[in-house]
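Let me begin by presenting the structure, written as structure tokens, before commenting on it.
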There are 2 protein chains.
Amino acid sequence: MDMLTCSKDRMEDKIRIFSKFGDTGKGGITRLSLSTADLDAREEFCKRCIALGMDIKTDDMANIYATVPGEESLPAIIMGSHIDSVKQGGNYDGILGVLTALEAAETIVIEKVAHKHPITVVVWTNEEGARFDPAMMSSGVITGKFNKDIMLASKDREGFTFKEALEASGYMGEVENRMTAEKYRAFVEVHVEQGPILENEEKDIGILEGVCGMVNYEFSFIGQADHAGTTPMKYRKDALYAAVKVIQYIHDELDKLDSKLVYTTGRMIVSPNIHTVIPDNVKFTLDARHQDPNVMKEVVEIIKKVPSEIEKCETSYEELWSRKTVQFYPKFVDYVEENAKQYGYSAMKMYSGPGHDAQFITDIIPTTMIFVPSENGHSHCEKEFTPLDNCLKGANVLLQTILDIDKN
Amino acid sequence: MDMLTCSKDRMEDKIRIFSKFGDTGKGGITRLSLSTADLDAREEFCKRCIALGMDIKTDDMANIYATVPGEESLPAIIMGSHIDSVKQGGNYDGILGVLTALEAAETIVIEKVAHKHPITVVVWTNEEGARFDPAMMSSGVITGKFNKDIMLASKDREGFTFKEALEASGYMGEVENRMTAEKYRAFVEVHVEQGPILENEEKDIGILEGVCGMVNYEFSFIGQADHAGTTPMKYRKDALYAAVKVIQYIHDELDKLDSKLVYTTGRMIVSPNIHTVIPDNVKFTLDARHQDPNVMKEVVEIIKKVPSEIEKCETSYEELWSRKTVQFYPKFVDYVEENAKQYGYSAMKMYSGPGHDAQFITDIIPTTMIFVPSENGHSHCEKEFTPLDNCLKGANVLLQTILDIDKN
């Protein structure tokens, strides 16, 4: 049979137009949450939704819900992502999830596709946390993960609070408009992979099973700062060398675990950091992620075996934060798999390493995600790119998955 | 026979009084070159020299030469060190070399000790380089190591040039007053060890044979910055892990060389240094020092074996600077050894790791150095301490060595 498909021309138009909001002139965008660029993009989004006859509501966190009415009085099916970006980010992270959802809704409206449930396109406010910490702020507030008062007080670099930005935005609506389990039945989010796996494995679609559990630790080493030219090796307490030993131990041990485990020492601070002084204080972070809670337990066991004294330096570690593995709704995962197959797209099951709004929403209503490839795995940079064909494929699988949920 | 000795009371008085110039109130001093604190200390130094009937001259770099006339018309014997300190430095580094020299001269004057040569106490300007880069600036200029015009243009943090500070100091004299091989016959410098060896070996006196050769390299690693949560381990180009591998290699290989070799990775810069991003750019320094040029050659050979690609990262290194081993004048080294023995002081031969003005002066006239212990090896900090008895022992060995040079 001929599958219903979204429009490649319309998809191309959407990506091109929205790439103008916050354009850095160097291939990417800076569209911090509730900035002028973000508000301009929101205005364009609302204008397009209104043109399609959709009803627009916003909640108290400025999340936007644009709805195509359903044929029956049922909870809505919701799809979308975020519009904000990091500083000098790309034209796909977040916004593609909004634009594929808008394109799916547009296809349903224009093609007059029958559907029982109302269908809502959502824009989650401040997913990146790049202007106002933390990330996934507004999906976090409405799902009870974050305290709203603390979020309102979050400040940007200029000292503006999130509350001030929210009130000035024109998008602050009622608490009653928040997504709830009573009013919404399901959520599906399309997102770029932000990694190289799909491209390397030559797959069009990532069928998300969940979001990897993660731990983030900080290790500290305290030695003795002495003169590089006068202190014999045997008397030294070199905090950097102690840190090097532990990084090597971590690599040696974690490499024995499942090959899907990823772990990273991204931040390292050496003090006093003078070429003629033995470092007396070194800290580094360890980020580790895997979908299987048992593997994460093994990671923690390996961390716990780090002794409290290495190379005569005091060694300690603390968990900065952690996240349990999130499992998406298996029935929806099956729909995505089946639809990719029906369209003839190559696909593979995977877990997301990064966090997404969907990981909070899944605690409230059945949820899943669809990934499309990131060229060279680049993300959070101006080089971020996903070919138009892949964007369209993501939109098509989203469309069909929404319609499957509507039917079943 | 009874050995001539300096006065413990006068030595104590000198250390106590000079500790007031730049007193931080926390046991140490901040006496940056040509600062008010430095100028106050210079004034006190000159006042004391004049009281002893010494003749004071300064050269164009504000080096001070205070001279006790000799009985014959001969080149002078010169001894001394520097008055300036690092920020929050101690009461011994540099100043002890000036005060032991002053005490030796005072003993000669008061005890009416016969001596043929004029005997000069010198204060070298800006040894530390803490206010105006580089270190050992003025001994460097008069021995032809540094270009004077470049030195004059060296700026402090407030933007003042060394030239401005020099002109305002009141200590800028004539080029004709510089130390030269024609006017001076020998130089001896007393200094605190700035390391833990003498204390650990329970020795009173360090008989310096020279200053260690050193190399300072910077290693660079270029990888690929990718998302910590999305990039499988096998695709990574982790510049930090490449750096860790090389630091471990350096330790493994350099530890096979002579145990007197010291080497240090003091500075390490990780970029972008974000806990969720794989580092794509890491740099670290390697400082290595040894007295034997053959050992230093082996160090460089080991560095040269570092491959240009490690863990898929581009690896490179460059020499930032190096210093050849400096050998002091063997006859003077013998004098120091014999005099320590005559006084009944325990002593050991050693090389200096840090640089000192003496390493430049030795290229012009016969030179040696005498070390006294640093408690716990601390230096360049407020905790820097050398017991009074050890300071006096240093002054006595200096006194007798100067008199030996005078006689022979």
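Heavy atoms of B:His378 lying under 4.5 Å from chain A belong exclusively to its side chain. For B:Tyr263, the parts sitting under 4.5 Å from any heavy atom of chain A are the backbone and the side chain alike. Heavy-atom distances place both the backbone and the side chain of A:Thr265 under 4.5 Å from chain B. Using a 4.5 Å cut-off between heavy atoms, B:Gln224 contacts chain A through its side chain alone, with no backbone atom that close.
Partners of A:Met348 according to the side chain to side chain contact (heavy atoms under 4.5 Å, CB included) rule, which considers only residues two or more places apart in sequence or in another chain, are A:Ile197, A:Leu198, A:Glu201, A:Lys203. Applying the ring-ring contact (aromatic ring centres under 6.0 Å, His included) rule to B:Tyr235 yields no partners; only residues at least two apart in sequence or on another chain are considered.
Here the straight-line distance linking atom CG of B:Asp226 with atom NE2 of A:His380 works out to 12.5 Å at 0.5 Å rounding. Between atom CE of residue B:Met268 and atom CD1 of residue A:Ile269 there is a gap of 12.5 Å, rounded to the nearest 0.5 Å. Interatomic distance, B:Asn200 CG to A:Lys234 NZ, rounded to the nearest 0.5 Å: 8.0 Å. Expressed to the nearest 0.5 Å, how far NE2 of B:His251 lies from NZ of A:Lys245 amounts to 8.5 Å.
In terms of heavy-atom pairs under 4.5 angstrom with chain A, the leader among B:Glu193, B:Met214, B:Arg236 is B:Arg236. Between chain A and the residues B:Gly195, B:Gly229, B:Ala228, B:Ala243, the most heavy-atom pairs under 4.5 angstrom are made by B:Gly229. Ranked by heavy-atom pairs under 4.5 Å with chain A, the list B:Asn216, B:Asp238, B:Leu261 is led by B:Asn216. Comparing B:Leu240, B:Val262, B:Ile247, B:Asp255 by heavy-atom pairs within less than 4.5 Å of chain A, the highest count is held by B:Val262.
Looking at heavy atoms from C-beta onward, A:Pro232 lies in side-chain contact with B:Pro196 at the 4.5 angstrom threshold. Within the 4.5 Å cutoff, side-chain heavy atoms of A:Pro354 are placed close to those of B:His227.
Within residues 282-289 of chain B, the residues having any heavy atom less than 4.5 Å from a heavy atom of chain A are, in residue-number order, B:Thr285, B:Asp287, B:Arg289. The stretch residues 270-279 of chain B places B:Val270, B:Asn273, B:Ile274, B:His275, B:Thr276, B:Val277, B:Ile278, B:Pro279 near chain A, each with some heavy atom under 4.5 Å from a heavy atom of that chain.
When the shell of 6.0 Å around NZ of A:Lys312 is examined, it contains more than 12 heavy atoms from other residues, nucleotides or ligands.
Not a single donor-acceptor pair under 3.5 Å links the side chain of A:Thr230 to the backbone N or O of B:Gly353.
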